Amino acid sequence: MELAICVVAGLLIAAMGVCQVVSGSPRLLHSYHYATTPPAELPALARETGAGLIGCGIGVALLALSSWSVWCAAVGTVLMVGSVGATLFSIVRHNGGLITGADVGFLATKPPAARMAICAVAGAALSLFGFVPGIYMITTGDVSSLHSYHTQGIAAADLPSFALCEGLCLMGLGVAIFVSVLAAAGMVGRPFKRWAVVLAIVGLVLFCASLIGLLLFIPYFGGSLTP
C-alpha cells in the first residue's frame, strides 16, 4: 500500500506537469511564482516548470521502488533533485524571483546596500537549518535526527562515516541557502546583476549536489530511503 501511494503520488505530479506543458499556462503554480513574469514569457515558464514537474514525478515514483534496486534510488534521486532545481531556476529566470508580488516585493523599494544587508541576515538565519544539524552530526556522530529506517541496515562501525557524510551534505545545503538568498539582492529589476546570476547558479548547483548526496549516502551505507 505504501509503495502504491508513493508511485501514484509521483504519477500525479507528472500529470500536473503534462497539463502545464500542453496548455502553456502556469496556473497550477502559486500565483507569486509568476506574479512579475512578463506575459510573453508565461508560456515558456509553464512548459519549463511543467517539464520539471514531470521529471520530479518520475523521480518520486522511482524512489518508491528504491527497496527493489539501488539503481532506482540513484536515478530517482538525481532526476527528482535535478528537476526541482531546474524548476526553481526557471521561475527565478522568468519571474525575477522565487516569490514576488506586491506583498513580498519589498526589496524593490530598498537601496542596494539595504537589500544586501537584509538578504545576508535572512540567508545566514535560514542557513542554520543546514549548519546546525550538520555540525552536530559531524561532531557527535549522532544520526538519530534521521528516520529510523534510514539507518536500520547500516553497520555500527559505519555510523561515524555515515554521520560525517550526511553532516557535510547538510552543511552544503546551508551554504547553498545562504548563497541563494544573497543572490536575491541583485535580482531586483531587469537585467539582473551578473554577480547575482552567478551566485544563483552556484547556489542551485550546490543545493542539488548536497541534496543528492544526502539521499544517496543512505543506500550507499546500507540504509533505506523508504519505510
Side-chain angles (χ1 to χ4, degrees), residues 9-63 75-108 115 119 122-123 126-127 129-130 172-173 175-215:
L11 294 178
L12 288 175
I13 294 173
M16 291 173 59
V18 171
C19 289
Q20 287 202 172
V21 171
V22 173
S23 68
S25 170
R27 64 182 182 277
L28 293 180
L29 300 175
H30 291 294
S31 60
Y32 49 72
H33 289 326
Y34 56 90
T36 54
T37 301
E41 297 182 29
L42 287 174
L45 173 65
R47 293 188 175 95
E48 290 172 12
T49 55
L53 286 172
I54 293 172
C56 183
I58 296 174
V60 169
L62 288 174
L63 279 173
V75 175
T77 299
V78 172
L79 186 58
M80 183 187 71
V81 175
S83 297
V84 170
T87 298
L88 297 178
F89 180 78
S90 175
I91 292 172
V92 171
R93 184 166 70 91
H94 290 289
N95 192 46
L98 188 60
I99 300 175
T100 62
D103 55 338
V104 294
F106 66 94
L107 284 178
R115 289 200 298 264
C119 289
L126 292 172
S127 70
F129 286 100
L173 288 177
V175 174
I177 291 171
F178 175 76
V179 169
S180 298
V181 175
L182 193 63
M187 289 189 166
V188 176
R190 300 193 182 204
F192 300 147
K193 302 295 185 183
R194 183 173 297 179
W195 63 263
V197 174
V198 172
L199 281 184
I201 293 174
V202 170
L204 178 60
V205 171
L206 182 58
F207 181 87
C208 290
S210 299
L211 190 55
I212 288 172
L214 196 66
L215 294 174

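Here the structure is a predicted model, which is why all the values come from computation and not from measurement.
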Residue set satisfying side chain to side chain contact (heavy atoms under 4.5 Å, CB included) with Leu12, at least two apart, ordered chain then number -> Val8
When every non-hydrogen atom of Gly76 is compared with those of Leu63, the smallest separation belongs to C-CG, 4.0 Å
Kindly write out the residues that satisfy side chain to side chain contact (heavy atoms under 4.5 Å, CB included) with Val179, not counting sequence neighbours, or none if the list is empty.
Val175, Leu199
Minimum side-chain heavy-atom gap Leu126-Phe178 below 4.5 Å:
no
side-chain contact (heavy atoms from CB on, under 4.5 Å) between Thr87 and Cys56: does it pass, once the steps are laid out?
CA-CA 9 Å; Thr87 298; Cys56 183; over 6 Å; no
As an exercise, state the distance from CG of Leu182 to CD1 of Ile177, rounded to the nearest 0.5 Å.
13.5 Å
Which atoms form the tightest heavy-atom contact between Ala185 and Cys119, and what is the distance?
N-SG, 3.6 Å
What pairs with Ile212 under side chain to side chain contact (heavy atoms under 4.5 Å, CB included), at least two apart in sequence or on another chain?
Thr77, Val78, Val81, Leu216
Only counting residues at least two apart or in another chain, list the ones meeting side-chain hydrogen bond (donor to acceptor under 3.5 Å, both in side chains) with Ser127.
none
Gap separating the CG atom of Leu206 from the CG atom of Leu211, nearest 0.5 angstrom:
11.0 Å
Can you measure from CG (Leu53) to CE (Met16) and round to the nearest 0.5 angstrom?
6.0 Å
Taking all non-hydrogen atoms of both residues into account, name the closest pair between Val75 and Leu62 and its distance.
CG1-CD1, 3.8 Å
Assess whether side-chain contact (heavy atoms from CB on, under 4.5 Å) is satisfied between Ile58 and Met80, documenting all intermediate values.
CA-CA 7 Å; Ile58 296 174; Met80 183 187 71; over 6 Å; no
Can you name the closest pair of heavy atoms from Ala176 and Gly203 and give their distance?
CB-O, 3.4 Å
Sorted by chain and number, sequence neighbours left out, side-chain hydrogen bond (donor to acceptor under 3.5 Å, both in side chains) with Thr49 holds for Gln20
Salt bridge Arg93-Glu41, side-chain N to carboxylate O under 4.0 Å
no
For Ser23, enumerate each residue passing the side-chain hydrogen bond (donor to acceptor under 3.5 Å, both in side chains) test, keeping only those at least two apart in sequence or located in another chain.
none
State, to 0.1 Å, how close Cys208 and Gly85 come at their nearest heavy-atom pair, and which atoms those are.
SG-CA, 3.9 Å
Leu204 versus Ser180: any side-chain heavy-atom pair under 4.5 Å?
no
Pro26 and Leu42: which non-hydrogen atoms are nearest, and at how many Å?
CG-CD2, 3.9 Å
